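Structure record follows, encoded as structure tokens.
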Amino acid sequence: MERLEKQFFDIPTLQLATALLGKTFVRILPGNRVLKGRIVETEAYLGEGDEASHAWRGKTDRNRPMFEAPGTLYVYFTYGCHHLVNIVSEPRETAGAVLLRAMEPLEGIWFMEQQRRSASASNLMSGPAKIAQALDINRSHSGSDLFGVEFSLENAPPIPETHIGTSSRIGISRGKELQWRKFVIGSPHLSQGRPS
DNA sequence: AGCGTGATCTTT
DNA sequence: AAGATCACGCTG
């Protein structure tokens, strides 16, 4: 299916979190190896007013990409060992991003298995840091976008509303009351989540 | 259930 | 300059 252009990403963050479900994330490595995954779980993060967001206190060196144009990538490093990948939303100078939390591996599975040593098929990208590891994404990609060679998003039919679940975001201490996690109900590739 | 591991941000 | 926190994954 066709590649999604900038206008696709230019919708409110919460809507984008839903619209991304089912779409195919495409990563092309140096050497033209192609990796693909189907997005099955996302979370929305805003700026001011969303205390769980990196951007709620304003722009810093790290979160700068969150203030860039829709379709930019925001990647950061946390817990001393994990990279997490977000797709930026909202117009320039307004913070917003959608965290990619889980994907169904579609193509390049052999490579992903190499990247993730102890993983069975359904575990390859069933968590936000696993995605970054499987697809070989790190901080150097923060600020890139989905409109070049390395990264893109392929269209796919929308997921029917009845198959989309909603919950609190996972692993945060503030903003728990907001139901800003979206996922494809019944997918075997969802993240395991963290209690409370 | 516990902990690693380091960047980032806030407070002194 | 020091301390707290952290959008997590793995082992036990």
Side-chain angles (χ1 to χ4, degrees), chain A residues 9 12-21 25 37 39-68 70-90 94-105 112-144 146 165-184 187-196:
Chain A
F9 302 90
T13 304
L14 206 46
Q15 284 179 39
L16 185 61
T18 299
L20 286 172
L21 295 176
F25 187 91
I39 300 172
V40 296
E41 181 179 337
T42 61
E43 280 176 3
Y45 288 88
L46 290 181
E48 201 176 330
D50 177 10
E51 290 194 73
S53 169
H54 288 172
W56 76 282
R57 280 195 250 233
K59 195 187 287 189
T60 67
D61 278 346
R62 177 175 67 161
N63 68 24
R64 183 176 324 278
M66 285 189 75
F67 294 80
E68 290 297 325
T72 302
L73 292 180
Y74 169 46
V75 184
Y76 67 93
F77 183 71
T78 190
Y79 292 108
C81 38
H82 300 305
H83 294 275
L84 277 69
V85 184
N86 298 254
I87 295 178
V88 172
S89 55
E90 305 294 334
T94 302
V98 176
L99 172 68
L100 301 179
R101 285 199 57 90
M103 291 191 203
E104 172 183 348
M112 297 179 196
E113 285 171 344
Q114 301 265 307
Q115 290 285 298
R116 307 229 337 101
R117 304 221 273 100
S118 74
S120 58
S122 70
N123 262 349
L124 281 177
M125 295 199 284
S126 59
K130 299 177 187 177
I131 290 177
Q133 193 183 3
L135 302 182
D136 196 21
I137 298 176
N138 58 61
R139 271 179 303 180
S140 74
H141 306 292
S142 195
S144 305
L146 291 166
T166 290
S167 80
S168 297
R169 294 173 293 181
I170 295 181
I172 56 172
S173 56
R174 287 173 296 197
K176 288 182 176 157
E177 67 287 354
L178 302 171
Q179 305 278 296
W180 285 0
R181 170 172 173 258
K182 304 287 171 187
F183 57 97
V184 178
S187 168
H189 304 279
L190 298 178
S191 71
Q192 334 297 15
R194 302 176 100 50
S196 180

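Here the structure is a predicted model, which means the values were calculated and not measured. Quick note on labels: first sequence line is chain A, next is B, and so on, each numbered from 1.
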### Query
When you measure from the side chain of A:Arg101 to the backbone N and O of A:Glu41, does any donor-acceptor pair fall under 3.5 Å?
no

### Query
Could you give the CG-to-C1' distance, from A:Leu124 to C:dG9, as a whole number of Å?
14 Å

### Message
If I pick the C1' atom on B:dC3 and the same atom on C:dT5, what distance separates them, to the nearest angstrom?
### Response
15 Å

### Query
Side chains of A:Leu135 and A:Met112: does their closest heavy-atom pair fall under 4.5 Å?
yes

### Query
Can you tell if the side chain of A:Met125 reaches within under 4.5 Å of the side chain of A:His189, non-hydrogen atoms only?
no

### Message
Can you identify which nucleotide, out of C:dA7, C:dC8, B:dC9, has its nearest atom closest to the A:His82 side chain?
### Response
C:dC8

### Task
Tell which nucleotide pairs with C:dA2, taking only Watson-Crick or G-U wobble pairs whose two distances are both under 3.5 angstrom.
B:dT10

## Note on the structure
Under a 3.5 Å limit on both distances, the Watson-Crick or wobble mate of B:dT5 is none

### Message
Heavy atoms from C-beta onward define the side chain here; which of C:dC6, B:dG6, C:dA7 lies closest to that of A:Phe77?
### Response
B:dG6

### Query
Can you tell me how far P of C:dA7 sits from NZ of A:Lys176, to the nearest Å?
12 Å

### Query
On a whole-Å scale, what distance lies between the C1' atoms belonging to C:dG3 and B:dT5?
16 Å

#### Entry: A:Ile170 CD1 - C:dC6 P separation (whole Å)
16 Å

### Query
Do the side-chain N or O atoms of A:Arg57 get closer than 4.0 angstrom to the phosphate oxygens (OP1, OP2) of B:dT10?
yes

### Query
How is A:Asp61 classified with respect to the nucleic acid when contacts are heavy atoms under 4.0 Å: base, sugar-phosphate, or nothing?
nothing

### Summary
The answer to which of A:Lys130 and A:Ser173 contacts DNA chain C further toward the 5' end, by nearest nucleotide, is A:Ser173

### Summary
Taken to the nearest whole Å, CZ/A:Arg174 to C1'/C:dA4 is 11 Å

#### Entry: Nearest-angstrom distance from the residue atom CD of A:Glu41 to P of C:dC8
10 Å

#### Entry: Any donor-acceptor N/O pair, A:Arg169 side chain to A:Leu178 backbone, under 3.5 Å
no

### Query
Has the side chain of A:Tyr76 got a donor or acceptor that lies under 3.5 Å from a partner of the other kind on the base of B:dA7?
no

### Message
Output the rounded distance in Å from OH (A:Tyr79) to C1' (C:dG9).
### Response
11 Å

### Query
Distance check: side-chain N/O of A:His54 vs OP1/OP2 of B:dT8, anything under 4.0 Å?
no

### Message
Need one value for A:Arg139: base, sugar-phosphate or nothing, where a base atom within 4.0 Å counts as base even if backbone is also close, heavy atoms only.
### Response
sugar-phosphate

### Task
Using the aromatic ring of A:Tyr45 (for Trp, its six-membered ring), decide whether it stacks on the base of C:dA7 within the limits of 5.5 Å and 30°.
yes

### Interatomic distance where CG belongs to A:Asn138 and C1' belongs to B:dG6 [whole Å]
15 Å

### Query
Between atom CD in A:Gln192 and atom P in C:dC8, what is the gap in whole Å?
13 Å

### Task
Check whether the side chains of A:Glu177 and A:Ser168 place a donor and an acceptor atom closer than 3.5 Å, and report yes or no.
no

### Query
Side-chain N or O of A:Arg117 less than 4.0 angstrom from OP1 or OP2 on C:dG9?
no

### Message
Would you say that A:Leu73 contacts A:Ile87 through its side chain, given a criterion of any heavy-atom pair below 4.5 Å between the two side chains?
### Response
yes

### Query
Which part of the nucleic acid, if any, lies within contact of A:Thr60, taking any heavy atom under 4.0 Å across all strands shown: a base, the sugar-phosphate backbone alone, or nothing?
sugar-phosphate

### Message
Does A:Ala129 reach a base, just sugar-phosphate, or nothing at all? Heavy atoms under 4.0 Å.
### Response
sugar-phosphate

